[in-house]
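This report concerns only the one structure given below.
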Amino acid sequence: MLIRRTPFTDADGGTSVLCHALVGSPALLEPSFCLGLHAWDWEGSALDATGVRGRLPAVPEDVLAPATGRGQSGLDGSLAHAVEELTGMVAELLRHPEDRFTVLDERGTTACPVLWGLHGMFGALTERRWTFATHDTVEMTALRFAFVGRWSGAASPNTGRRRVDPREWYDDRAGEVAAGLVRHHLRGVAEGAGREYAVGSALHAAAPARGGPSWTRRPAPWTPWTAAPARPRPGGRTPGNRPATPPARNTRSAPPTRHTGPVRITRTVRTV
């Protein structure tokens, strides 16, 4: 399921949130496909919310595929503008591979490229479901990655989430590895011709047989990097003080070859 939430003013002038949801086969609406639809611009996507009544028509895959292809190409181009945030999140994922993250996106434009880069490198490796919100105001416990524009008070100890400001730099082994991975990944994306999968494929090939429940059970380099000695730069901090097969994603130039049938669109409006 992919949901887009936008501000909405109802006929009485009340403020609501319009939720437009794509509901379909998980084989089609997998993370890379959904990230490609971040602009929500496929043919027929712009419906008049005030006039929606009853059942909406199904959306065929061949309508969504061109839109996700355009969106994925755009995300490739935006990676270079989110290098700092992407590197910070790669480092955090190496340190805490099983955690759920609430990520600060103060610029308001880095959530999608960071998720795109993370999935490109680690999508075929992580065993937890790849669930995310590119913008939220609360720390939902069920999502693997939730991006917020600002911290809403102190972190609750009951959410089971790790708050991350990816622009904070920690000079440890995880940071060094993350910088190298991101550098090689961006180079591969720029070169194209399949090289955008090189880092993900190399990480997949380096990992042992996928029998273990998590990266923490695997030998180096998959053990958490928090065990490595930290070398804080002047004024810096250490992480401990902080509050294969190519990855499954679609090619840039062609729509997916599998057919999973139409996707049904539903729409609801809720008042906040």
Side-chain angles (χ1 to χ4, degrees), residues 1-2 24-38 64-65 68-69 71-79 82-83 85-101 103 110-134 142-147 164 166 174 177-178 180-190 192 194-216 218 221-222 224 244-252 254-258 260:
M1 178 185 294
L2 177 64
S25 166
L28 175 63
L29 294 179
E30 45 84 27
S32 65
F33 196 93
C34 290
L35 284 169
L37 293 174
H38 66 92
L64 295 174
T68 200
Q72 290 174 348
S73 295
L75 289 172
D76 280 344
S78 68
L79 288 175
V83 172
E85 291 86 350
L86 177 56
T87 303
M89 271 310 302
V90 169
E92 283 298 311
L93 197 59
L94 291 173
R95 295 182 189 113
H96 311 286
E98 295 301 314
D99 283 10
R100 295 188 296 255
F101 300 96
V103 187
T110 63
C112 285
V114 167
L115 285 167
W116 180 243
L118 286 175
H119 191 266
M121 289 181 275
F122 298 97
L125 292 170
T126 180
E127 295 165 0
R128 300 192 65 164
R129 294 184 62 191
W130 203 272
T131 55
F132 56 84
T134 58
L143 298 177
R144 183 78 195 278
F145 302 96
F147 288 76
V164 175
V177 172
L181 290 175
V182 170
R183 184 170 59 253
H184 286 291
H185 183 62
L186 264 65
R187 182 185 305 154
V189 168
R195 294 182 179 87
E196 62 269 31
Y197 303 117
V199 170
S201 297
L203 292 174
H204 188 278
R210 297 169 132 203
S214 71
W215 296 350
T216 58
R218 294 170 178 164
W222 298 111
T245 301
R249 71 189 200 189
N250 302 295
T251 61
R252 309 297 191 277
T257 55
R258 63 180 180 275
T260 55

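Rounded to the nearest 0.5 angstrom, L75 CG and H38 NE2 are separated by 4.0 Å. Separation of atoms CG (L79) and OG1 (T110) is listed at 11.5 Å; rounding is to 0.5 Å. Here L93 contributes atom CG and E98 contributes atom CD; the two are 9.0 Å apart, rounded to the nearest 0.5 Å. A distance of 10.0 Å separates NE2 of H185 from OH of Y197, quoted to the nearest 0.5 Å.
Taking both residues in full, the closest heavy atoms of T134 and C112 are given as CG2-SG, 3.7 Å, listed atom of the first, atom of the second, then distance. Scanning both residues, L29 and C34, for their nearest heavy atoms gives O-SG, 3.6 Å. Between M89 and F145, the shortest heavy-atom contact is CE-CE2, 4.0 Å. In this structure, V114 and L86 approach most closely via the heavy-atom pair O-CD1, 3.6 Å. Pairing each heavy atom of L181 with each of L94, the nearest pair is CD1-CD1, 4.5 Å.
A heavy-atom distance below 4.5 Å is found between the side chains of H96 and E92. Under the 4.5 Å side-chain criterion, counting only non-hydrogen atoms from C-beta, L118 is not in contact with F101. For the pair W116/D76, a side-chain contact is recorded, criterion being any heavy-atom separation below 4.5 Å from C-beta on.
Remark: F132 pairs with no residue by the ring-ring contact (aromatic ring centres under 6.0 Å, His included) rule, at least two apart or across chains. Residues satisfying the side-chain hydrogen bond (donor to acceptor under 3.5 Å, both in side chains) criterion with R187, sequence neighbours excluded, are H184. With sequence neighbours excluded, no residue satisfies side-chain contact (heavy atoms from CB on, under 4.5 Å) with A198. R195 is linked by a salt bridge (charged side-chain N to carboxylate O under 4.0 Å, His left out) to E191, counting only residues two or more places apart in sequence or in another chain.
Checking side-chain atoms of R183 against main-chain N and O of A178 turns up no donor-acceptor pair under 3.5 Å. A side-chain donor-acceptor contact under 3.5 Å links E196 to the backbone of G194. The main-chain N or O of F33 is found under 3.5 Å from a side-chain atom of T68 such that the two form a donor-acceptor pair. Listed for the Q72 side chain is a donor-acceptor partner under 3.5 Å among the backbone atoms of S32.
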